There are 2 protein chains.
Amino acid sequence: MAIEAARLSPSLAAAAFLARRPPPALSPFSLRRRFPLLRVLASSSGGDGRVVALSSSELRKRRGLSSSSSGAAADSASDGDEKLRSLRRLFARPDVSIDAYIVPSQDAHQSEFIAECFTRRAYLTGFTGSAGTAVVTKNKAALWTDGRYFLQAEKELGHHWTLMRSGNHGIPTTSEWLNDVLPSGCRVGIDPFLFSFDAAEELKDSIANKNHELVLVQGMNLVDEIWGDARPNPPKEPTRVHDIKYAGIDVPSKLSFIRSQLAENGCDAVVISMLDEVAWLLNMRGSDVPHSPVFYSYLIVEVSTATLFVDSSKVSKDVLEHLEQTGVKLKPYEAIISEVERLAEKGAKLWLDSSSVNAAIITAFKSSCDRRLKRKGKAGKKVGEKEASSDDPITGDPGVQNLVISAVYNVSPVALAKSVKNDAEIEGMKNSHLRDAAALAEFWCWLEEEICKSVPLTEVQIAEKLLEFRQKQDGFIETSFNTISGYGANGAIIHYRPTPESCSSVGSDNLFLLDSGAQYIDGTTDITRTVHFGEPSPRQKECFTRVLQGHIALDQAVFPERTPGFVLDVLARSSLWKIGLDYRHGTGHGVGAALNVHEGPQSISYRYGNLTALQKGMIVSNEPGYYEDNSFGIRIENLLLVKELNLANSFGGISYLGFEKLTFVPIQSKLIESSLLSPSEINWVNDYHEEVWEKVSPLLSGHSRDWLWKNTRPLLDV
Amino acid sequence: MAIEAARLSPSLAAAAFLARRPPPALSPFSLRRRFPLLRVLASSSGGDGRVVALSSSELRKRRGLSSSSSGAAADSASDGDEKLRSLRRLFARPDVSIDAYIVPSQDAHQSEFIAECFTRRAYLTGFTGSAGTAVVTKNKAALWTDGRYFLQAEKELGHHWTLMRSGNHGIPTTSEWLNDVLPSGCRVGIDPFLFSFDAAEELKDSIANKNHELVLVQGMNLVDEIWGDARPNPPKEPTRVHDIKYAGIDVPSKLSFIRSQLAENGCDAVVISMLDEVAWLLNMRGSDVPHSPVFYSYLIVEVSTATLFVDSSKVSKDVLEHLEQTGVKLKPYEAIISEVERLAEKGAKLWLDSSSVNAAIITAFKSSCDRRLKRKGKAGKKVGEKEASSDDPITGDPGVQNLVISAVYNVSPVALAKSVKNDAEIEGMKNSHLRDAAALAEFWCWLEEEICKSVPLTEVQIAEKLLEFRQKQDGFIETSFNTISGYGANGAIIHYRPTPESCSSVGSDNLFLLDSGAQYIDGTTDITRTVHFGEPSPRQKECFTRVLQGHIALDQAVFPERTPGFVLDVLARSSLWKIGLDYRHGTGHGVGAALNVHEGPQSISYRYGNLTALQKGMIVSNEPGYYEDNSFGIRIENLLLVKELNLANSFGGISYLGFEKLTFVPIQSKLIESSLLSPSEINWVNDYHEEVWEKVSPLLSGHSRDWLWKNTRPLLDV
C-alpha cells in the first residue's frame with residue numbers, strides 16, 4: 001500500500017523548502033488522526049491542569065447545541081452546508097472566539113487507522129480518504145489532500161468545498177492559504193490533541209507571518225459538537241500478550257534498552273505515545289482500531305518504573321500478569337496529563353518526541369515546568385534561569401515558549417529499535433508471507449475462473465472473497481488496511497476504496513489493480529498486483545513493463561551502509577522517466593512485524609528529507625506505479641527485508657546491503673512487454689517465479705496449484 | 001577532472017551532519033585558495049578600517065624575522081621542522097598571541113587555481129594537492145585532505161605532520177580536532193582573507209563549544225612571514241575582451257539582469273568576488289592564474305553604476321574602451337574594502353554571497369554599519385535598532401554579530417545565470433570540443449605507436465606531448481587544469497600530478513589514466529580516458545566495465561525538471577556497488593564556457609546538500625571511476641549539456657530533461673567486458689563511437705584518421 005511520505009522531520013521541511021517543492025498538506029505524516037477520549041478543560045490564560053473527562057453529548061447538552069445526525073457516508077450537499085453553518089456558529093461563541101478552524105485526520109497518537117467515530121474530517125467534508133486537512137473560515141471551506149486522492153476527493157467533496165491539490169504547482173499550504181484569505185490578526189483554532197507539538201508550532205510560526213494567533217481550543221472538539229449523538233462510540237476492545245516466540249525479545253530486555261538510552265541522554269523518563277511503539281515495547285497487541293493490532297494507551301518509562309496508561313477494562317488477567325512480571329504499572333488512560341504534570345513538578349527531565357507527542361501533552365508539561373520555576377523563583381531562584389537542556393528545536397527561541405525546558409526533544413528511542421527486526425520477527429514475517437501467498441494464489445485462481453462466467457463480480461465482492469481466502473490461513477487476524485480493489489479508471493485513484501453502492505464490476509477490458517494486506521499473529525503483509533483478464537493494450541503493457549523495471553531495479557539494488565532510502569528512489573522511477581511518466585507517491589515505506597503496515601523511521605521517497613539510513617533487519621515496501629487519470633492504474637508491490645551482503649569486495653571497509661524478497665506471488669506475464677526488458681531483467685522475473693513456485697506450491701493443491709504452475713513459467717516460454 | 005564536492009551550502013552542512021557522514025575538511029569548496037595582494041592592518045579591538053598595503057618583505061623586515069627560503073617542491077624534513085618552529089615563534093608575539101593557526105588552500109576569491117606564490121599550505125606542509133587544510137598548534141601539526149589525495153599526501157607530508165583522512169570513519173573535523181587537542185579557552189588564528197565569511201562563522205561557532213576564540217589575524221599572513229623573500233611575485237597579466245560571438249550576451253544586458261535581481265531583493269548593490277563571475281559578467285578574460293582565464297578583481301554593481309576593482313596596469317586600451325562603453329568604472333583592486341565601507345556609511349543595502357565573499361570584506365562592512373548606527377544612535381536613533389533585513393543565515397542570532405545587518409545574504413545572482421549557457425556559449429563549447437577531440441585522436445594515435453618502441457615515455461613526457469597536439473588547434477589558450485597522467489598505481493591517486501623527477505614510465509603492463517582539458521577561445525574541455533596498451537586483467541576489465549555502466553546510466557538519464565544532481569548520483573555508482581566497489585569523489589561538476597573548468601552551483605554528488613536543480617543549458621561532467629590503491633585507477637569522463645527532451649508523455653505537465661554529449665573521443669573497447677553489458681549498453685557504446693567517427697573524422701587525416709576508424713568499430717566486431 002503506497003504512502004505519500006514518511007514522517008516529516010524538521011530537516012525534511014527545510015529540504016522541501018529549499019528544493020522549492022511544495023510541502024505536503026499541513027500534517028507531516030498525513031495518515032494520522034486523533035483519538036479524543038481525553039478532554040482537557042483549561043483556561044487559555046494558563047490553566048490549572050485539571051483534567052475532566054466529559055462525553056461529547058454531555059458537552060453538547062451543556063452548550064445547548066443541536067447537530068445533524070448523519071454519518072460521513074450518508075453525506076449530502078445540503079447536509080454538508082448545514083454542517084458548515086453549525087461549525088461556523090461555534091466560531092462566534094465567547095469561549096471559542098475564532099475566525100477559522102483546522103480539522104486534520106489525526107488522533108491523539110498520530111495513528112493511521114482510527115475507528116469511524118473519530119473520522120471527524122471525513123464527517124465534516126464527506127471526503128473519506130485517509131489523508132487530508134480541512135480548513136474552515138467564516139466564509140470559505142477548503143480541503144487539502146495529496147496526489148493519491150485527487151480523483152477521490154473530486155468525487156466525494158460537496159460543492160461548498162474547494163479542493164486543494166497539495167503538491168501541484170502554485171497550490172498554497174494551509175497556512176499560506178490562511179495568510180492569504182484572512183485579514184491580518186485573526187484567531188485560528190485547533191484541537192491540541194489532534195496536532196503533534198511540532199505540527200502545532202510550525203503552524204503557529206507560519207500564520208504569525210500575518211499576525212494570526214494560533215488558538216488551542218481546549219475542552220471540546222468543534223466537529224464533535226455538531227456531530228452530536230450520531231457519533232459512534234469509541235472502541236473498548238480487549239488486549240492480548242504477543243507471544244515471545246513472535247516477539248523475539250522479552251519486555252525487560254526492551255525496557256533495559258530504553259533505560260540505557262535515557263541514561264545516555266541524561267533523561268529521567270520518556271513519554272511514548274505512538275500506539276505501535278507501546279505495543280512493541282510491551283509485547284502486547286490490541287484491536288481498538290481497524291487494521292492495526294494496537295490499543296489506545298500511553299507509556300511512560302522511567303529509570304526504575306514503567307507506567308501504562310490504558311483503560312483497565314481492556315486488560316485481561318493474562319495481560320495483567322504479563323505486565324506485573326515485567327514491572328509495568330497501570331494507570332487510567334486519562335491520567336497521562338496529570339502524570340506528565342507530576343513529573344514536571346518533581347523536576348524530571350523528559351524525553352519527548354515532539355513529532356509524535358501531541359501539543360496538549362507537551363504544552364501541559366511546559367506549563368507545569370513554568371509554574372514550578374515561578375515558585376522556585378519566588379523562593380529565591382532567578383526566574384527564567386535555565387535548568388537543563390533548553391535547545392528547543394521548534395522555536396529556536398526558548399524565550400518565545402518558555403525559558404525553562406526540562407526536556408530533550410528527540411525521535412522516540414523506540415522507533416529505530418522497532419524498525420530493525422530480530423530473528424523471530426523476521427521468521428514470523430517470512431512464514432506469514434508464505435501463507436498469505438498461498439491465500440493469494442487460491443484467490444487469483446478463483447478469480448480467473450470467475451471472470452469468465454456470465455455474472456460479473458464487483459470490486460467489493462472480489463475484495464470480500466480475498467478476505468475469505470485469507471481467513472482460512474492459520475493465524476489470520478484481519479486486513480492490514482482497506483483493500484484497494486480498482487478496475488479500469490478506479491485503479492488510477494491511488495488509494496481507491498470501493499463501496500458496495502458505487503463500485504464497478506471487474507471485467508476483461510481493462511487493468512485490475514489489487515492492493516491488499518493482512519495482519520497475522522506472526523506478521524504483517526502488504527502486496528499489490530495488477531492484472532488484465534483480457535487483452536492488454538500496447539500502452540498498458542509498456543507502462544506495466546516500465547513499472548516492473550523500476551520494481552526490479554530497486555529489488556536488485558546494492559548499496560553501502562548509511563545510505564538513506566531516498567537515494568534509491570530514482571532507481572524505481574528512471575524507467576518511467578525515460579518516456580516522461582512518473583507517479584505521485586513514495587516508493588517504499590517501513591512495515592511492522594505483526595504491527596502497523598506503515599511505520600517509520602525509514603522510507604524510500606522522492607522527497608529528500610528523511611535521512612534515516614536503511615539498516616540490516618528493516619523491512620520496506622517496493623511499490624512503484626503508474627496512474628493514467630480516468631483510464632487505468634498500475635502498481636507492483638513486494639515487501640523487502642534489508643540484509644547484509646557478502647560481496648567479493650567491500651570498498652572502504654564497510655558493509656554493503658541489499659534486499660531479500662518476502663512476498664511470493666506471481667507477476668502477470670501477459671502484461672510484460674519482454675522486448676523492453678534486458679536479459680538480466682528477464683532473468684529476474686524467471687528467477688522470482690521459480691522461487692514463488694518452490695516456496696508456495698507445497699502449500700497448495702488442485703486448481704490453485706495448477707494456477708501457480710501456469711503463472712510461474714519462464715518468460716519467452718509463455 | 002573529478003572534484004570532491006561542489007560548494008557546500010549551509011543546508012549541505014546540516015544534511016551531512018544529519019546523515020552522520022563526516023563533512024569535508026574545513027573549507028567547503030576545498031579547491032580554493034587566497035590571493036593576498038591586499039593587506040589590512042586593523043587592531044583587533046575594532047579597527048578603523050585603515051587600509052595599508054605592505055609587501056610581505058616589508059612586513060617581515062619591520063618584525064625582524066628570518067625565514068627559510070626554499071619553495072614547496074624543495075621541501076625536506078629538517079626544513080619542514082624549521083618552518084613549523086618559525087611559525088610557532090610567531091604565535092607568541094604580543095600582536096598575534098594565538099595558540100593555533102589554520103592555513104587553508106584558498107585565495108581571497110575562493111579561486112581553485114592560484115599562482116605558486118600563494119600556495120601557502122603547500123609551502124608549509126610540502127603537500128601539493130589542490131585541496132587541504134593545515135592546522136598547527138604549539139606542539140602538533142595536522143593536515144586534512146580528502147580521498148582523492150590520501151596517497152599523494154602520504155608521499156609528500158613530512159614526519160612532523162599528521163595526515164587526517166577526511167571522510168574516513170572516526171576522523172574529526174579541524175574544529176573537532178582543535179576542541180580535542182587544545183585546553184579550553186584558546187585563541188585560534190586565521191587570515192580573514194583566506195576564509196569565506198560563512199566558513200569563518202562556522203569555524204567560530206564550532207570552536208566556541210570549547211570556549212576557544214577565533215582570532216582574525218589582520219595585517220599579515222603568518223606563512224608569508226616565514227616564506228619571506230623566497231616567495232614568488234604575484235602575477236600581473238593583461239586582460240582581454242571576450243568576443244561577443246562567444247559570449248552571446250552583451251554586458252549591458254547582463255548588468256540589467258543583475259540590477260533587476262537587486263530590485264527584486266530590495267538591494268542597492270552587490271559585491272561580486274568570484275573571479276569567474278566578474279569575467280563572465282563583464283565579458284572579459286585574463287590570465288592571472290594558471291588554467292582559468294580570469295584576473296584578480298572585485299566588482300560592485302549598483303543600481304546605476306558598476307565599479308571594477310582591478311590593477312589598472314592589466315587594463316589595455318581595448319579593454320578600457322569596452323568597459324567605458326558599458327558604463328563600468330575602474331578603481332584600484334585594494335580599494336574594495338574602503339568602497340564597501342563607503343557603501344555602509346551611506347546606508348546602502350548590500351547583496352553579499354557569504355559563501356564566497358571573504359570574512360575580511362564582510363566584517364569590514366559590518367563594522368562600518370555598526371559605527372554608522374552608533375552615530376545615528378547618538379543623534380537620537382535607538383542603538384541596535386534593526387534597519388533592514390536582519391535574517392543572518394550564519395549565526396541565527398543577530399545579537400552575536402551585530403544588531404544591524406543592512407545586507408541580504410544570498411547566493412550571488414551571477415552564479416545561476418552563468419551556469420545556464422546561452423546559444424553562443426553552447427556553440428563555442430561544441431566547436432571547441434570537436435577540435436579538442438581531434439587533438440586527442442592525434443595524441444592517442446601517436447602514443448599507441450610510441451609505446452611499442454624501445455625507449456619508454458614518462459607520464460610527464462606524455463602530458464607534454466598532449467599539450468603539443470592541443471596547441472596546434474585553433475583558439476587554444478592553455479590547459480584547463482594540471483594534466484593527470486597516471487600509469488598503474490599512480491592512476492589510483494585521484495588527482496595525481498606527475499613531476500619530471502619522480503614520475504613513472506608508461507608501459508603496457510597496467511592501466512594508464514589520462515585526465516586533461518583545455519581552455520580555448522570559445523570553450524573549455526575536460527576529459528578522462530583510461531587505456532591499456534597490453535593485455536588487461538579480468539579484474540581490470542570488470543572494474544572498467546562497471547565504471548562504464550555507471551557512465552552510460554548517467555548519460556542516458558531522463559529526469560523531471562527541478563531534479564537536483566545528487567538524485568542522479570546513484571545511477572553512476574550502482575553498477576560498482578553491486579560488487580562492493582565505490583569511488584571517493586563526486587560524479588559531476590559544472591563547467592564554465594571558456595571559463596573555469598569547475599563551477600557551481602549544480603553538481604552531481606553522493607552528498608545530498610546541493611539542492612540546485614539541473615537546468616536546460618547547464619553543463620556537467622560525467623565521471624565515475626574506480627581506484628584500487630597501489631594498483632590502478634579507472635575514470636571515464638565526458639562533458640554533458642542538459643537539454644529539454646521531447647518525449648511521448650509529460651506526466652504532471654512538466655518538462656523532462658536529459659543530456660547531450662559534448663565530448664567525442666573513443667572509449668577503449670579492449671577494456672570492455674561485453675558479457676557484462678546489456679544490449680542497450682552495447683548499443684550505447686556503438687552509437688557513441690559512430691557519432692565520434694562522424695563528427696571527428698572530418699578533422700583528421702592519415703594515421704590518426706585510421707586510428708579513429710579502428711577505435712570506433714562496433715563492439716562484438718572487435
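Throughout, protein chains are lettered first and strands after them, A, B, ... in sequence-line order, and every chain is numbered starting at 1. Remember, it's a predicted structure, so these values are computed and weren't measured experimentally.
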Undergrad: Between Tyr583(B) and chain A, which part of the residue has a heavy atom less than 4.5 Å away: side chain, backbone, both or neither?
TA: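 Only the backbone of Tyr583(B) comes within 4.5 Å of chain A.
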Undergrad: Is it the backbone or the side chain of Gln556(A) that comes under 4.5 Å from a heavy atom of chain B, or both, or neither?
TA: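 For Gln556(A), the contact with chain B is made by backbone and side chain together.
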Undergrad: Could you tell me if the side chain of Pro560(A) sits less than 4.5 Å from the side chain of Asp582(B), heavy atoms only?
TA: yes
Undergrad: In the structure I gave you, are the side-chain heavy atoms of Lys578(A) and Tyr656(B) within less than 4.5 Å of one another anywhere?
TA: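 With C-beta onward as the side chain, the pair stays apart.
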Undergrad: Please report the interatomic distance CZ(Arg573(B)) to OG1(Thr563(A)), rounded to the nearest 0.5 Å.
TA: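 Arg573(B) CZ to Thr563(A) OG1: 10.0 Å, rounded to 0.5 Å.
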Undergrad: Testing the basics here: between Val567(B) and Val570(A), what is the closest heavy-atom pair and its distance to 0.1 Å?
TA: O-CG1, 3.3 Å
Undergrad: Using the ring centroid of each side chain, check whether Tyr608(A) and Phe566(B) are separated by less than 6.0 Å.
TA: yes
Undergrad: Is Ile654(B) close to chain A through its backbone or its side chain, or both, or neither, when contacts mean heavy atoms under 4.5 Å?
TA: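 For Ile654(B), neither part sits under 4.5 Å from chain A.
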Undergrad: State, with a plain yes or no, whether a side-chain heavy atom of Pro679(A) is found less than 4.5 Å away from one of Pro679(B).
TA: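 Contact flag for Pro679(A)/Pro679(B) side chains = yes.
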Undergrad: Using side-chain heavy atoms (C-beta onward) and a distance below 4.5 Å, is Leu647(A) in contact with Ile579(B)?
TA: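 In short, these two side chains do not touch, never coming nearer than 4.5 Å.
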Undergrad: Just wondering, do Phe651(A) and Trp577(B) contact through their side chains at under 4.5 Å, heavy atoms?
TA: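 Heavy-atom side-chain distance check fails, nothing below 4.5 Å.
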Undergrad: If you measure from SG on Cys543(A) to CG on Asn649(B), what distance do you get to the nearest 0.5 Å?
TA: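 One gets 7.0 Å once the value is rounded to the nearest 0.5 Å.
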